[in-house]
**Q** 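Got a structure for you, questions after.
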2 protein chains.
Amino acid sequence: MDDTLKIVEVPRAQPLYAQVKTLMMQRLIAGQWRPGEMLPSEFQLAAEFGVSQGTVRKALDELTAENVVVRRQGRGTFVAEHDDHRALFHFFHLVGPDGERRLPESRLISVRKGLAGRLEAGRLDIGRGVPVIRIRRVRSLDGCPAIAETIAVPQKLFPDLADIREVPNTLYDFYEQRYGITIARAVERLAAVSANERDAKLLEVTPGAPLLEIDRTALALDGAPVEWRVSRCVTSNHHYRVELG
Amino acid sequence: MDDTLKIVEVPRAQPLYAQVKTLMMQRLIAGQWRPGEMLPSEFQLAAEFGVSQGTVRKALDELTAENVVVRRQGRGTFVAEHDDHRALFHFFHLVGPDGERRLPESRLISVRKGLAGRLEAGRLDIGRGVPVIRIRRVRSLDGCPAIAETIAVPQKLFPDLADIREVPNTLYDFYEQRYGITIARAVERLAAVSANERDAKLLEVTPGAPLLEIDRTALALDGAPVEWRVSRCVTSNHHYRVELG
DNA sequence: TAGTGGTCTAGACCACTAG
DNA sequence: TAGTGGTCTAGACCACTAC
């Protein structure tokens with residue numbers, strides 16, 4: 001077709017399948033394909049990009065491995081969505097003594113507007129003094145308060161978040177549905193700290209008790225940081241689980 | 001060939017490439033292909049297994065993704081080895097404030113024989129009272145003692161380990177070269193704890209100081225647990241880094 | 001130059017899903 | 001039954017490595 005994008009300009013700068021993958025990624029970032037939507041079939045995509053079905057498949061295989069799309073035999077290829085299961089499986093690593101994950105319950109403490117401090121500015125890659133929204137909450141596991149959480153996001157990306165009365169338990173699908181922001185990846189920094197007075201009150205432990213601090217920066221599809229979250233966790237009944245390849 | 005293994009007995013119980021992968025994995029576990037060795041080429045493997053080159057490639061792609069083999073264009077496919085880089089990159093997650101990894105230095109405290117207690121028996125999947133070897137050491141980062149480590153392994157798998165005077169810094173390549181045991185995967189359980197008297201002395205902190213406890217079970221190629229390691233870490237100058245997909 | 005893995009194609013058939 | 005992804009094949013050419 002005339003309006004088909006020419007992919008190869010300088011031959012073999014990148015493999016064809018990588019170019020196709022980049023083009024599809026760009027559409028996903030631009031919101032041309034929305035979460036939950038079905039993508040065109042392999043043959044349609046192959047025709048559109050002017051490559052073979054196998055090349056499209058290789059690009060889709062990589063996007064599948066990165067949890068960007070989900071493929072279901074007989075049904076089609078869909079843009080990945082943030083449901084409870086994904087939140088729990090990919091972004092929540094606290095498990096009980098049995099190794100089983102549990103979805104925590106949340107109690108909202110406050111939602112406030114503010115201006116980015118040094119740390120927030122660094123983590124969110126914005127300037128100091130830029131408006132942010134801060135959320136505080138306590139999350140419970142098995143009925144016991146276990147996680148004291150502070151969340152900071154740029155106000156620009158989440159315009160009316162500060163006016164929200166009830167914040168849902170799993171935030172990432174909320175970000176996606178209400179603000180069109182998909183959390184694709186995250187980096188966590190873990191350290192052991194001592195509970196301060198406030199932690200102690202919220203988590204019902206003695207001041208000075210050891211807590212696991214999880215400092216998470218969450219990134220959107222395009223790699224930009226969009227949320228900074230610090231969770232202080234009681235680990236007497238739960239632990240953080242990591243699998244190493 | 002006459003002695004070629006027939007792969008398909010019940011057609012399509014598993015995809016062909018998965019069967020090929022399993023067969024190759026069995027050879028790796030049996031030590032028929034040793035770490036560092038070169039595997040036959042795709043075409044040779046395809047001929048041997050009676051499948052096409054593409055099917056072998058798919059199996060090799062998965063083994064590559066699992067860090068079991070390493071492929072180098074123009075050279076061949078090799079059984080993965082435990083070098084310092086792999087130890088650092090796949091099995092060591094403590095990084096400095098800049099996010100860079102550093103290889104820690106080790107000071108050996110003791111190597112002792114003993115009998116498996118309840119926890120050791122559970123983690124190593126052996127019976128209580130089975131002979132084990134316990135290693136204690138302190139590891140330093142940037143010259144400061146930062147990790148107090150206790151390691152337990154079944155004596156049966158590491159016959160003369162208790163007689164060793166000097167234990168090398170990176171144990172996994174040592175296990176591989178001396179005992180033919182390849183560590184393929186590991187599961188870590190993280191929690192925050194308070195330093196006891198011994199921790200405090202070894203790590204030069206005050207008793208009660210918060211420490212990050214890393215409880216790791218390391219698994220061999222066949223999935224059997226072969227090492228249990230508990231590391232208590234000072235995280236005032238370093239943190240444990242996790243990337244979430 | 002020969003041998004290896006890396007890419008790309010074209011086409012076949014199977015397994016699953018939905019109407 | 002039609003359409004989708006999943007598997008498998010056969011063959012071509014390229015890029016890299018070693019001799």
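In what follows, chains carry the letters A, B, and so on, assigned in the order in which the sequence lines appear, proteins first and then strands, with residues in each chain numbered from 1.
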**Q** List for me each residue that meets ring pair (Phe, Tyr, Trp, His ring centres under 6.0 Å) alongside B:H90, sequence neighbours excluded, and say none if there are none.
**A** none
**Q** For DNA chain C, whose closest nucleotide is more 5', that of A:G74 or that of B:D61?
**A** B:D61
**Q** Has the side chain of A:Y240 got a donor or acceptor atom that lies under 3.5 Å from a matching backbone atom of A:F92?
**A** no
**Q** Provide, to the nearest angstrom, the distance between the CD atom belonging to A:Q44 and the C1' atom belonging to D:dA2.
**A** 14 Å
**Q** What is the distance, rounded to the nearest whole Å, between atom CD of B:Q14 and atom C1' of C:dC14?
**A** 16 Å
**Q** Is there a donor-acceptor contact under 3.5 Å from the side chain of A:T235 to the main chain of A:H238?
**A** no
**Q** Taking the six-membered ring for Trp, is the centroid-to-centroid distance between A:F174 and A:H82 below 6.0 Å?
**A** no
**Q** Given D:dG6, D:dC8, C:dC8, which nucleotide is nearest the side-chain atoms of A:Q73?
**A** D:dG6
**Q** How many Å lie between CZ on A:F78 and P on C:dT17, as a whole number?
**A** 11 Å
**Q** In what stems does DNA chain C take part, counting only runs of at least 3 consecutive Watson-Crick or G-U pairs whose two distances fall under 3.5 Å?
**A** C:1-18 with D:1-18
**Q** Counting distance only, does the side-chain N/O of A:R241 pair as donor-acceptor with the main-chain N or O of A:R101 below 3.5 Å?
**A** no
**Q** Which nucleotide, D:dT4, C:dC8, D:dT7, lies nearest any side-chain atom of B:K58?
**A** D:dT7
**Q** Show me the protein contacts with nucleotides 10-12 of chain D, counting only N or O atoms at under 3.5 Å.
**A**
none

**Q** Would you please confirm or rule out a distance under 4.0 Å between OP1 or OP2 of D:dG6 and any side-chain N or O of A:R71?
**A** yes
**Q** Any donor-acceptor pair, under 3.5 Å, between the side chain of B:R57 and the base of C:dG6, if you only look at N and O atoms?
**A** yes
**Q** Given atom CG of A:L60 and atom P of D:dT7, what is their separation to the nearest angstrom?
**A** 14 Å
**Q** Does any N or O in the side chain of B:E66 come within less than 3.5 Å of the main-chain N or O of B:L63, such that one atom is a donor and the other an acceptor?
**A** no
**Q** State which of C:dT4, C:dT17, D:dT9 makes the closest approach to the side chain of A:R75.
**A** C:dT17
**Q** Which one, C:dC8, D:dT4, D:dT7, comes nearest to the side chain of B:Y17?
**A** D:dT7
**Q** Report yes or no: does A:S140 contribute a side-chain atom to a donor-acceptor pair with the main-chain N or O of A:G143 at less than 3.5 Å?
**A** no
**Q** Roughly how many Å is it from NZ in B:K21 to P in D:dG6, rounded to a whole number?
**A** 16 Å
**Q** What is the ring orientation for B:Y175 with B:Y172, classed by angle as parallel under 30°, tilted 30 to 60°, or perpendicular over 60°?
**A** tilted
**Q** Is the phosphate of D:dT9, meaning OP1 or OP2, less than 4.0 Å from a side-chain N or O of B:T55?
**A** yes
**Q** Would B:R86 and B:E176 pass as an ion pair if we require N to O under 4.0 Å?
**A** no
**Q** Using atom CD of B:E42 as one end and atom P of D:dC8 as the other, report the distance to the nearest whole Å.
**A** 16 Å
